[in-house]
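No experiment lies behind these values; they were computed from the predicted model shown. For ligands, and for the atoms within them, numbers begin at 1 and follow the listed sequence.
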Amino acid sequence: MNTILNSIMILVMSLTVQAQLKTGFYSASCPTAETIVRSTVGSYFNKDPTIAPGLLRLHFHDCFVQGCDGSILIVGSSAERNALPNLGLRGFEVIDDAKSQLEAICPGAVSCADILALAARDAVDLSDGPSWEVPTGRRDGRSSLSSQASNMPSPLDSVSVQKQKFAAKGLDDHDLVTLVGAHTIGQTECRFFSYRLYNFTTSGNADPTMNLSLLAQLEALCPKNGDGLRRVVLDKDSGAKFDVNFFKNVGDGNGVLESDQRLWEDSSTRRLVQSYGGKIRGLLGLRFDFEFPKAMIKLSSVEVKSGVEGEIRKVCSKFN
Ligand code: HEM
Ligand SMILES: *[C@@H]1O[C@H](CO)[C@@H](O)[C@H](O)[C@H]1NC(C)=O
Ligand SMILES: *[C@@H]1O[C@H](CO)[C@@H](O)[C@H](O)[C@H]1NC(C)=O
């Protein structure tokens, strides 16, 4: 009896979760919503393609702190945006621009949280990655606190800590490896990994898991005591294209962030890295461009607000 009740509960719960968001949520209230977000992202991308990774990361950081509710966009001294892990975020002006166009044609209809989710999808598509239908209907949150951002993953995290932080958001180990594949585009500041070059072991040596040719390259780009804010690509030789080269790199010791490289050193995550990188052939090889959209839809649904919760902001950087 209990097991039957349990199954029914789980079914009802999953239906409720699915009912919160749906694709084409704006088809009546603002039919051009998705087109406007797409054209806005496209015009910024044409001027500067590095805006694409900025937008993808912005959505991830929004979702990991009190859910995908646009709270990352709020400006204020104690707001999420000012938390340490969020300081390098980019792309706010793209979201603000799309929002002001949308307010002009469908006032009060489209949430900032949805604009973030749509822009992340468009950013991946424009970078030669896969595309997908984004379930929409998110509402914007009414609080944003930097103190809540302490659970963000750190580039120093072990695989088990990475897994724990994703599990806390309902994302499993498969989602973790798949979503970290977002590092196939974009850059990191030297300060997030330079300890791997100069101060990894107690005797001050480099991280022994780093490929020696990458080590030489990074030492040249990020000299000891140099500018920690200098940016280098996360995916050596393929930094702007959304492809599986990132996974090949991790398999070759060419992961730039320690957290990325650890996905190879740990046997529990190595297999999937191998599979995406094309090193396991045959029917079981999982395709990154098929798995990434599924994982993104899960990430985009983390702790969303819907129905009458929250609000639809008029300006993304301010509560109504
Ligand atoms: C264990 C999990 C993760 C860690 C520790 C991590 C850490 C980092 C760090 C340190 C940077 C460099 C930031 C900078 O210097 O400005 C970065 C960049 C980036 N991250 Fe992650 N990340 C993780 C997961 C993710 C996920 C799940 C996504 C998206 C689905 C993502 C997307 C990106 C993108 C696209 C960039 C490049 C940003 C740019 O070029 O502006 N990351 N990440
Ligand atoms: C080197 O690493 C140690 C231990 O992590 C740390 O205490 C020390 O401040 C670091 N030195 C430099 C120069 O960054
Ligand atoms: C180092 O990286 C190169 C590709 O850049 C790769 O061919 C080589 O096998 C890697 N070396 C090791 C020890 O993994």
Practice task
Please name the residue in the list Asp235, Asp128, Ile185 that meets the side chain to side chain contact (heavy atoms under 4.5 Å, CB included) test with Asp243.
Solution key: Asp235

Problem - For Asn211, the ligand 3 atoms whose distance to one of its heavy atoms is below 4.0 Å - result: 1 (C), 2 (O), 3 (C), 8 (C), 10 (C), 11 (N), 12 (C), 14 (O)

Exercise for the section: Identify the protein heavy atom lying closest to atom 14 (C) of ligand 1, giving its residue, its atom name and the separation to 0.1 Å. Expected result: Phe192 CE1, 3.7 Å

Handout entry: Any N or O of Asn254 closer than 3.5 Å to N or O of ligand 3
Key = yes

Practice task
Compare every heavy atom of Asp97 with every heavy atom of Gln101, then report the nearest pair and how far apart it is.
Solution key: NE2-OD1, 2.8 Å

Exercise for the section: Check the surroundings of atom CD in Glu133: do more than 12 heavy atoms from other residues, nucleotides or ligands lie under 6.0 Å from it? Expected result: no

Practice task
Could you tell me whether Phe166 and Phe64 have their ring centroids closer than 6.0 angstrom?
Solution key: yes

Practice task
Would you please indicate yes or no on a ring centroid separation below 6.0 angstrom for Phe292 and Phe242?
Solution key: yes

Handout entry: Check: Ser143 main-chain N/O paired with Gln66 side-chain donor or acceptor under 3.5 Å
Key = yes

Exercise for the section: Assess whether atom CG of Leu84 is packed by more than 12 heavy atoms of other residues, nucleotides or ligands within 6.0 Å. Expected result: no

Exercise for the section: With sequence neighbours left out, write down each residue that passes side chain to side chain donor-acceptor pair (under 3.5 Å) with Ser268, or none if nothing qualifies. Expected result: Lys163, Asp266

Problem - Pair Arg262 + Glu265, salt bridge at N-O below 4.0 Å - result: no

Please list, one pair per line, the donor and acceptor atoms closer than 3.5 Å that link side chains of residues 27-38 to other protein atoms, with sequence neighbours excluded.
residue : atom : partner : partner atom : Å
Ser27   : OG   : Gly24   : O            : 3.0
Glu34   : OE1  : Arg121  : NH2          : 3.0
Arg38   : NH1  : Asp125  : OD2          : 2.6

Problem - For Pro155, atoms of ligand 1 separated by under 4.0 Å from a heavy atom - result: 5 (C), 10 (C)

Handout entry: Result of checking Val159, Val250, Asp172, Val273 against Val177 for side chain to side chain contact (heavy atoms under 4.5 Å, CB included)
Key = Val273

Practice task
Classify the contact between Asn249 and ligand 3 as side chain, backbone, both or neither, using a heavy-atom distance cut-off of under 4.0 Å.
Solution key: neither

Problem - Salt bridge Glu103-Lys99, side-chain N to carboxylate O under 4.0 Å - result: yes

Completion exercise
A student checking ligand 1 against Ser259 at a 4.0 Å heavy-atom cut-off should list atoms 5 (C)

Practice task
Would you mind running through ligand 1 and noting each atom that sits below 4.0 Å from a heavy atom of Leu179?
Solution key: 26 (C), 27 (C), 28 (C), 30 (C)

Problem - Nearest-0.5 Å distance that lies between atom CZ in Arg287 and atom OG in Ser275 - result: 11.0 Å

Practice task
May I ask you to check whether over 12 heavy atoms, not counting those of Lys298, lie within 6.0 Å of atom NZ?
Solution key: yes

Handout entry: Closer than 2.8 Å to atom 21 (Fe) of ligand 1 - protein N, O or S atoms, ordered by chain and residue number
Key = His183 NE2

Exercise for the section: Look at the side chain of Asn82 and the backbone N and O of Gly76, then say whether any donor-acceptor pair between them is shorter than 3.5 Å. Expected result: yes

Completion exercise
atom 35 (C) of ligand 1 sits nearest the protein heavy atom Pro53 O, 3.2 Å

Handout entry: Contacting atoms of ligand 1, where contact means under 4.0 angstrom from a heavy atom of Gln162
Key = 1 (C)

Handout entry: Backbone N/O of Ile297 and side chain of Ser301: donor-acceptor pair under 3.5 Å
Key = yes

Exercise for the section: Please identify which atoms of ligand 3 are closer than 4.0 Å to at least one heavy atom of Lys236. Expected result: 5 (O)

Exercise for the section: Pull out every atom of ligand 1 sitting under 4.0 Å from any heavy atom of Arg90, numbered as shown with elements. Expected result: 39 (C), 40 (O), 41 (O)

Practice task
May I ask whether Arg231 has any heavy atom positioned less than 4.0 angstrom from an atom of ligand 1?
Solution key: yes

Output, or 'none' if empty, a list of ligand 2-protein atom pairs in which both atoms are N or O and the distance is under 3.5 Å, rounded to 0.1 Å.
residue  : atom   : partner : partner atom : Å
ligand 2 : 2 (O)  : Asn199  : OD1          : 3.4
ligand 2 : 2 (O)  : Asn199  : ND2          : 2.4
ligand 2 : 11 (N) : Asn199  : ND2          : 2.7
ligand 2 : 14 (O) : Asn199  : ND2          : 3.4

Handout entry: Option set Lys163, Glu258, Gln187, criterion heavy-atom distance to atom 40 (O) of ligand 1, minimum
Key = Gln187

Problem - Distance from atom 15 (O) of ligand 1 to nearest protein heavy atom, with residue and atom - result: Glu189 N, 2.8 Å

